[in-house]
Amino acid sequence: MRVINFSAGPAVLPEDVLKKARNQLLTYKESGMSVMEMSHRSADFQAIADKAEGDLRTLMGIPENYKVLFLQGGASMQFAMVPLNLMTQHKKAIFINTGAWSKKAIAEAKKSGEVIVAASSEDRNFAYIPKTDAAMFAGDADYVHITQNNTIYGTKFNKLPEIGDKVLVSDMSSCILSEEIDVSDYGIIYAGAQKNIGPAGLTIVIIREDLIGNAADSVPTMLNYKTQADASSMFNTPPTYGIYMAGLVFDYLLENGGVAAMNRINIQKAAKLYHFLDNSSLFSGTVDEQDRSLMNVPFVTGDAELDKKFIAQAKERGIVNIKGHRSVGGMRASIYNAMPPEGVDALIAFMEEFETKA
Ligand SMILES: *Cc1c(COP(=O)(O)O)cnc(C)c1O
């Protein structure tokens, strides 16, 4: 039996996608082999990769002057790759520090130049998105970096900072495809696939073409966006099965109304859960209302022992991976696109029951 999986990542995938992959596991179409066994240079695989890219472009409305790259190394490798490729003119970048992933990105950028932290929400354990104004971004900098959705703390940018004509770089690992965005607001969007797209091992980079080709010669070949863009992500063997699975997810999203439809469902799922938390006498959310994430919902009882009991009893009901990150404690429900509304309903029903007994 499949459980109700609230994992923050790798996370739940649409059941229809898993079934399709199962059906094609041994032989993909007429190829007589599994996608895992195919050359990445074969016509069959090229068609899979081309369709995956095309469908992602359709889903996100990616403009012509942006490249889509299918890379490895996770979002964590982008923490290094972005500064290596972009910190070229001023050798300076501006960051908004909204948590653990921002900090890791900052630490890597510092290896390539100067980092200015324009705003931070560390004073309250990252329970909100800090306010910014245009003046904070007035000085020279090669780019401005944000973590769009903060997986651990459950916050998200509901409005982009006013950065003027600076290049915006966004880590969208835990919110890509959860709501409509305007790609042209960004210079680079990157995301590890394992939260809202597919299995781990694939990293998606969407990059404006003028940001490619500026890295110093000393930058390792594989870490230069130009290498990856010139070779259409096939400079070396790409994560073929991950690309195939992501392609199945893109196809599934397009068949189910695209990002706009997902966003409507995501809003409903999150609203139900937050409404319950706001009215509960036992559980409460940990994030300021206006900055709440649609994807990751941390909550606590205020009593660590009770939290433990809740997590253990939930597991007995098949509600799993609900334990919060250690830096927030309590619980966290990650409710990505692939979490069906019935999963959220089941969680709320169990919380109600637990609250009545507590
Ligand atoms: C999970 C996550 C990361 C790290 O991703 P990896 O693919 O494991 O490197 C970075 N940023 C955010 C926002 C995340 O949620």
Side-chain angles (χ1 to χ4, degrees), residues 5-13 69-84 93 95-109 111 120-122 125-130 143-158 160-161 168-179 181 186 188-206 222-223 228 233 238-239 241-243 245-246 249 266 270 287 291-298 321 323-328 332-339:
N5 182 5
F6 290 98
S7 172
V12 59
L13 289 170
L69 305 177
F70 293 137
L71 307 182
Q72 303 190 50
S76 299
M77 199 168 84
Q78 294 310 307
F79 296 165
M81 213 162 154
V82 169
L84 284 171
F95 279 69
I96 302 180
N97 179 13
T98 53
W101 296 119
S102 300
K103 283 188 184 178
K104 288 195 167 156
I106 288 167
E108 285 302 304
K111 294 174 189 267
S120 166
S121 49
E122 192 160 18
N125 198 28
F126 303 111
Y128 67 102
I129 298 290
Y143 63 95
V144 176
H145 182 283
I146 63 168
T147 313
Q148 191 119 350
N149 181 80
N150 293 276
T151 325
I152 294 172
Y153 308 91
T155 60
K156 84 164 172 115
F157 281 84
N158 281 308
L160 293 179
L168 183 61
V169 176
S170 178
D171 177 355
M172 290 198 195
S173 293
S174 52
C175 61
I176 190 166
L177 297 170
S178 67
E179 63 183 330
I181 56 150
Y186 302 85
I188 297 181
I189 292 167
Y190 63 87
Q194 70 273 22
K195 275 118 189 192
N196 213 16
I197 296 178
L202 168 66
T203 311
I204 304 234
V205 175
I206 300 162
M222 282 287 289
L223 299 182
Q228 305 291 358
S233 308
Y241 203 74
I243 293 169
M245 286 296 293
V249 171
N266 288 333
V287 170
D291 299 324
R292 287 167 165 175
S293 169
L294 285 178
M295 298 278 98
N296 311 97
V297 183
N321 289 325
K323 190 176 189 301
H325 191 274
R326 64 186 179 286
S327 52
V328 179
R332 169 178 53 174
S334 294
I335 50 174
Y336 299 119
N337 285 350
M339 171 57 65

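For the numbers below, each heavy atom of this structure counts, side chains included, while hydrogens, waters and symmetry mates do not. When a ligand or atom number is given, it counts from 1 through the structure's own listing order.
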Check: Of all residues at least two apart in sequence or in a different chain, which pass the ring-ring contact (aromatic ring centres under 6.0 Å, His included) check with Phe126?
Finding: Tyr153

Going by atom type alone, with no hydrogens or angles, which donor-acceptor pairs under 3.5 Å involve a side-chain atom of residues 188-203 and a protein atom two or more places apart or on another chain?
| residue | atom | partner | partner atom | Å |
| --- | --- | --- | --- | --- |
| Tyr190 | OH | His145 | NE2 | 2.7 |
| Asn196 | OD1 | Asn337 | N | 3.0 |
| Asn196 | ND2 | Ile176 | O | 2.8 |
| Thr203 | OG1 | Gly74 | N | 2.9 |

Next item on the list: Please list, by chain and number, the protein residues whose heavy atoms come under 4.0 Å of ligand 1.
Entry: Gly74, Ala75, Ser76, Phe79, Trp101, Thr147, Asn149, Thr151, Asp171, Ser173, Ser174, Gln194, Lys195

Margin query: I need the Glu179 CD to Asn266 CG distance, nearest 0.5 Å.
Written below: 8.5 Å

Checklist line | Closest contact, heavy atoms only, Ser7 versus Pro10 | finding: OG-O, 2.7 Å

Checklist line | Listed partners of Tyr186 passing ring-ring contact (aromatic ring centres under 6.0 Å, His included), at least two apart | finding: none

Check: At what distance, to the nearest 0.5 angstrom, does OG of Ser121 lie from CG of Asn150?
Finding: 7.0 Å

